[in-house]
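Reckoned from all heavy atoms, side chains included, excluding hydrogens, waters and symmetry mates. For reference, positions follow the sequence shown, starting with 1.
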Amino acid sequence: MSCVAGYLLGGVLGLFSSSVNPTVPLPDAKPQTAREVFMEMKGTTLSYAKNFALIGALFSSIECTIESYRGKSDWRNGTYAGGISGGLIGLRAGWKAAAFGAAGFAAFSTVIDYYMHHLF
């Protein structure tokens with residue numbers, strides 16, 4: 001479910017991002033046709049959708065694994081999963097980025113988990 005929801009949310013954000021991203025042509029370049037603009041929008045939308053789907057699938061699979069291993073369903077599962085997911089995502093840019101990604105994703109996951117469990 002998180003993979004599909006991530007794909008849909010990423011598609012919406014990608015469509016929005018591609019619509020507000022200005023394309024400044026070179027002075028001697030011919031203007032883009034509507035077809036070229038739509039093809040560029042499609043590429044951006046699909047790219048965002050795939051990335052969000054992968055992040056959703058990564059986070060939910062790690063959270064499910066942690067919950068199964070611990071045998072508990074509490075706020076720590078999301079925090080641990082966020083830390084591992086953020087670390088894995090940031091690892092491509094180095095150890096420092098992995099540490100910041102882990103901390104940021106864990107904090108975000110904790111806040112969202114708290115919000116979802118206490119307000120709903």
Side-chain angles (χ1 to χ4, degrees):
M1 183 173 153
S2 65
C3 186
V4 173
Y7 188 84
L8 293 174
L9 178 65
V12 169
L13 288 175
L15 184 62
F16 175 75
S17 173
S18 66
S19 67
V20 297
N21 187 18
T23 54
V24 181
L26 297 173
D28 58 343
K30 66 178 182 109
Q32 283 185 314
T33 64
R35 180 181 175 96
E36 291 171 340
V37 170
F38 285 132
M39 292 299 287
E40 186 177 320
M41 288 175 71
K42 177 184 172 188
T44 304
T45 301
L46 289 176
S47 174
Y48 272 71
K50 285 188 269 186
N51 286 334
F52 273 73
L54 281 173
I55 290 171
L58 177 71
F59 176 81
S60 64
S61 62
I62 291 173
E63 185 180 29
C64 184
T65 303
I66 290 172
E67 188 172 328
S68 297
Y69 178 76
R70 291 183 66 226
K72 296 179 183 179
S73 180
D74 60 1
W75 63 272
R76 290 182 183 180
N77 296 334
T79 303
Y80 296 152
I84 294 169
S85 300
L88 288 173
I89 292 168
L91 193 58
R92 290 183 4 192
W95 290 106
K96 190 175 182 181
F100 279 110
F105 212 123
F108 180 75
S109 299
T110 304
V111 169
I112 294 299
D113 218 14
Y114 177 82
Y115 177 77
M116 296 302 274
H117 286 303
H118 286 86
L119 297 178
F120 289 111

Among all residues two or more places apart in sequence or in another chain, which pass the ring pair (Phe, Tyr, Trp, His ring centres under 6.0 Å) test with F108?
-> none

Any pair counted as ring pair (Phe, Tyr, Trp, His ring centres under 6.0 Å), so long as it reaches residues 43-79, sequence neighbours left out = F59-F105

When rounded to the nearest 0.5 angstrom, what is the spacing between CE in M41 and OG in S17?
-> 10.0 Å

Do the side chains of L9 and F16 join up, straight or via other hydrophobic residues, at under 4.5 Å, putting them in one cluster?
-> no

Any luck finding a side-chain donor-acceptor pair between S18 and T44 under 3.5 Å?
-> no

Sort out for me which residue in R70, K72, R76 forms a side-chain hydrogen bond (donor to acceptor under 3.5 Å, both in side chains) with D74.
-> R70

Contacts of type ring pair (Phe, Tyr, Trp, His ring centres under 6.0 Å), residue Y115, not counting sequence neighbours | F120

Taken to the nearest 0.5 Å, the spacing of I84 CD1 from T79 OG1 works out to 11.0 Å

What is the minimum heavy-atom distance between I62 and S85, and which atoms define it?
-> CD1-OG, 3.6 Å

Return the minimal non-hydrogen interatomic distance between G90 and A97, and the atom names on each side.
-> O-CB, 3.5 Å

Start with the C-alpha gap between I55 and I89, add the side-chain angles, then the distance that decides, and say whether side chain to side chain contact (heavy atoms under 4.5 Å, CB included) holds.
-> CA-CA 8 Å; I55 290 171; I89 292 168; 3.9 Å; yes

Minimum heavy-atom distance S2-G56, with the two atoms named = OG-O, 3.0 Å

So which heavy atom on A102 is nearest to which on G83, and how close?
-> CB-O, 3.2 Å

Drop me the distance from T45's OG1 to L15's CG, to the nearest 0.5 angstrom.
-> 4.5 Å

If every non-hydrogen atom of S109 is compared with every non-hydrogen atom of G78, which pair is closest and at what distance?
-> CB-O, 3.3 Å

Kindly determine whether L54 and L58 satisfy side chain to side chain contact (heavy atoms under 4.5 Å, CB included), including the steps that lead there.
-> CA-CA 6 Å; L54 281 173; L58 177 71; over 6 Å; no

Reported CD-to-CE distance for the pair E36 and M39, which is rounded to 0.5 angstrom | 10.0 Å

Mind checking the OG-CD spacing from S68 to E63? Nearest 0.5 Å is all I need.
-> 10.5 Å

